[in-house]
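Below: one structure, written as structure tokens.
Letters A, B, ... mirror the listed sequences (proteins, then strands); counts begin at 1. Worth saying up front: this structure is predicted, and the values here are computed from it rather than measured.
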There are 2 protein chains.
Amino acid sequence: MSGKAIADRPEAEAPRRDRRAERRDATRAEILEAAWALAGEQGLTELSLRDLGDRVGMRAQSIYSYFDSKHAIYDAMFQESNEELLRRMQVVRDTAGTPNERFLLGARGFVEFALEDLSRCQLLFLRTLPGFEPSPEAYAPAVLVLELARERLAEIGITRPEMLDIWTALLSGIMQQQWANDPGGDRWKKLLDDVIAMYLAYAKKRKS
Amino acid sequence: MSGKAIADRPEAEAPRRDRRAERRDATRAEILEAAWALAGEQGLTELSLRDLGDRVGMRAQSIYSYFDSKHAIYDAMFQESNEELLRRMQVVRDTAGTPNERFLLGARGFVEFALEDLSRCQLLFLRTLPGFEPSPEAYAPAVLVLELARERLAEIGITRPEMLDIWTALLSGIMQQQWANDPGGDRWKKLLDDVIAMYLAYAKKRKS
DNA sequence: GTCTATACACCGATAGAC
DNA sequence: GTCTATCGGTGTATAGAC
């Protein structure tokens, strides 16, 4: 239907800016930014569309022009954060040094990321949101993050799948306990190096 | 104020049954039982007082005669479950055998308990309920459970506080990953013995 | 004391006017 | 795209019947 009209215009093949789409994306980003701010202030689960609307200067119902549902907002936040984590882990992968150094860097970077923001940690790793299941697209970067962890472990000779599962459980346990029993502190965070030493010693003994 | 009245009655010192209190406690127990059933069916956070009222054959508002609020129901469930866990861990403590056997028994018993019921696990260990903070009374048995864990560790020569924190992180990580990524399965549960071996080897090397 | 009836304020979501 | 109006749901509170 629009094919002929476009072909008629000389500038059709040049990458024309879609101002409407740009504006829409900008508003979406603004809403997400406000959502993060509100989640940080009142808690992830306490986020309400009415508060969110107030924050961005529109009625709550108008948000539905930008997101299909509240869960869609959470989903976008989930994806956004996972992409940020993926970027950090890719930096680790591309860092010069020994495989062991990269493994350490990845472990510390991950824990630091997980302990930076409670709402983000709850959204990504702890299952705090009642009915929330991330969409496949939003989950995709998380799969890549796990793949990078597998690579870092393989680089230091740890390839058995069970050892990867143990590794994720170790990190998961540290961040869970840290947020649950000493939020903002470092009681479990500071044990990370000990846990890493424990894990590596065991992996060496098990020879994989 | 009632001191004199009681002293006036000859039968005051005999343990008289308070039928009213008995009936009240029975109804409270009935409500809690229904709450567990609903939590199991729809999820812990999806529990609503109206559904709960339907289940026990009263209007939702009447529940307030037995519990001050929805959180008070969660609090009673929290306490109930922690007392059950405490009982199990006390059985472990009183079991004949070597300290090492008791430690193993406690570890496996705890993980089994944590993986028996998602709602219970969320209520007790994962922080799934938005604003829920257990009351001191409800939390008391949890403190005793931790104390028993400390004892089991001390019996096998592990006394450093950091080693207790690592231990709780290990168990926490296993149950977190199991429920989050393989609910109902045993992908992480079956790694418990490996994790225990890893932990004990590290503790031995660290000599505490 | 325990129930019913009614209400309030909030929530996510939808329909339709402009 | 943003609004108003409205819906069915929630936890919570209170007044009053019995």
(message) From CG of Leu49(A) over to P of dC3(D), roughly how many Å is that when rounded to an integer?
(response) 14 Å
Enumerate all atom pairs, one protein N or O and one N or O from nucleotides 16-18 of chain C, separated by less than 3.5 Å.
none

Result block: side-chain N/O donor-acceptor pairs under 3.5 angstrom for residues 130-143 of chain B, not counting sequence neighbours:
from, atom 1, to, atom 2, distance (Å)
Ser135(B), OG, Asp75(B), OD1, 3.4
Ser135(B), OG, Asp75(B), OD2, 2.6
Ser135(B), OG, Ala138(B), N, 3.3

(message) side-chain contact (heavy atoms from CB on, under 4.5 Å), that's the test. Do Leu126(A) and Arg127(B) meet it? Break it down for me.
(response) CA-CA 8 Å; Leu126(A) 318 175; Arg127(B) 293 278 167 116; over 6 Å; no
(message) Counting only heavy atoms and a strict 4.0 angstrom limit, can you tell me which residues of residues 35-48 of chain A come near DNA chain C?
(response) Leu47(A), Ser48(A)
Which atom pairs, one a donor and one an acceptor, fall under 3.5 Å between side chains of residues 25-39 of chain A and the rest of the protein, sequence neighbours left out?
from, atom 1, to, atom 2, distance (Å)
Thr27(A), OG1, Arg23(A), O, 3.0
Arg28(A), NH1, Tyr66(A), O, 2.8
Trp36(A), NE1, Glu80(A), OE1, 2.8

(request) Give a yes or no on whether a donor-acceptor pair under 3.5 Å exists between the nucleobase atoms of dT2(D), that is its base, and the side chain of Gln61(A). (result) no
(request) Rounded off to whole Å, could you give me the CD1-to-C1' distance for the Ile31(B) and dT2(C) pair? (result) 12 Å
(request) Assert yes or no for the condition that the ring centre distance of Trp167(B) to Phe110(B) is strictly below 6.0 Å. (result) no
(request) Give a yes or no answer on whether the side chain of Tyr74(B) reaches the backbone of Leu44(B) with a donor-acceptor pair at less than 3.5 Å. (result) yes
(message) Ring of Phe113(A), cation from Arg120(A) - is the NZ or CZ under 6.0 Å from the centre and inside 45° of the axis?
(response) yes
(request) Name the closest nucleotide to the Arg59(A) side chain, picking from dG1(C), dT14(C), dC3(D). (result) dC3(D)
(request) Could you state the atom-to-atom distance from CG of Asp51(B) to P of dG9(D) in whole Å? (result) 10 Å
(request) Quickly work out the Asp25(A) CG to dG1(D) C1' distance and round it to whole Å. (result) 15 Å
(message) Nearest 0.5 angstrom please: Ser172(A) OG to Ile174(B) CD1, how far?
(response) 10.5 Å
(message) I need the full list of side-chain hydrogen bond (donor to acceptor under 3.5 Å, both in side chains) pairs touching residues 186-198 of chain B, with sequence neighbours left out, sorted by first then second residue.
(response) Asp165(A)-Arg187(B), Tyr202(A)-Asp194(B), Arg206(A)-Asp194(B), Arg108(B)-Asp193(B)
(request) Report the distance from atom CG of Asp54(A) to atom C1' of dC10(C), rounded to the nearest whole Å. (result) 13 Å
(request) Among dA13(C), dC11(C), dG11(D), find the nucleotide with the atom closest to the side chain of Arg50(B). (result) dG11(D)
(message) Checking contacts here: which listed nucleotide (dT12(D), dG1(D), dT6(D)) is nearest the side-chain heavy atoms of Arg24(A)?
(response) dG1(D)
(request) Starting at atom CZ of Arg28(B), determine the distance to atom P of dT2(C), rounded to an integer number of angstrom. (result) 12 Å
(message) Could you check whether any side-chain N or O of Arg152(A) sits under 3.5 Å from a backbone N or O of Asn100(A), counting only pairs where one atom can act as donor and the other as acceptor?
(response) no
(request) Quick one: list whatever passes side-chain contact (heavy atoms from CB on, under 4.5 Å) with Leu118(A), sequence neighbours left out. (result) Gln122(A), Trp179(A)
(request) Taking side-chain hydrogen bond (donor to acceptor under 3.5 Å, both in side chains) as the test, write out the residues that go with Arg87(A), two or more places apart. (result) Glu84(A)
(request) Using the test side-chain contact (heavy atoms from CB on, under 4.5 Å), find all partners of Arg59(B) that sit at least two apart in sequence or belong to another chain. (result) Gln61(B), Ser62(B)
(request) Using five pairs at either end of the helix from dG1(C)-dC18(D) to dC18(C)-dG1(D), determine the angle between the two local helix axes and round it to 10 degrees. (result) 20°
(message) Suppose we screen for side-chain contact (heavy atoms from CB on, under 4.5 Å). Which residues come up paired with Ser48(A), at least two apart in sequence or across chains?
(response) Arg50(A), Asp51(A)
(request) Kindly point out which of dT10(D), dT4(C), dG11(D) is positioned nearest to the side chain of Ser62(B)? (result) dT4(C)
(request) Just jot down the side-chain hydrogen bond (donor to acceptor under 3.5 Å, both in side chains) partners of Gln176(A), sequence neighbours excluded, or say none. (result) none
(message) Under 4.0 Å, heavy atom to any atom of DNA chain D: which of residues 63-78 of chain A qualify?
(response) Ser65(A), Tyr66(A)
(message) Nearest whole Å is fine: how far is dT4(C) P from Met58(B) CE?
(response) 8 Å
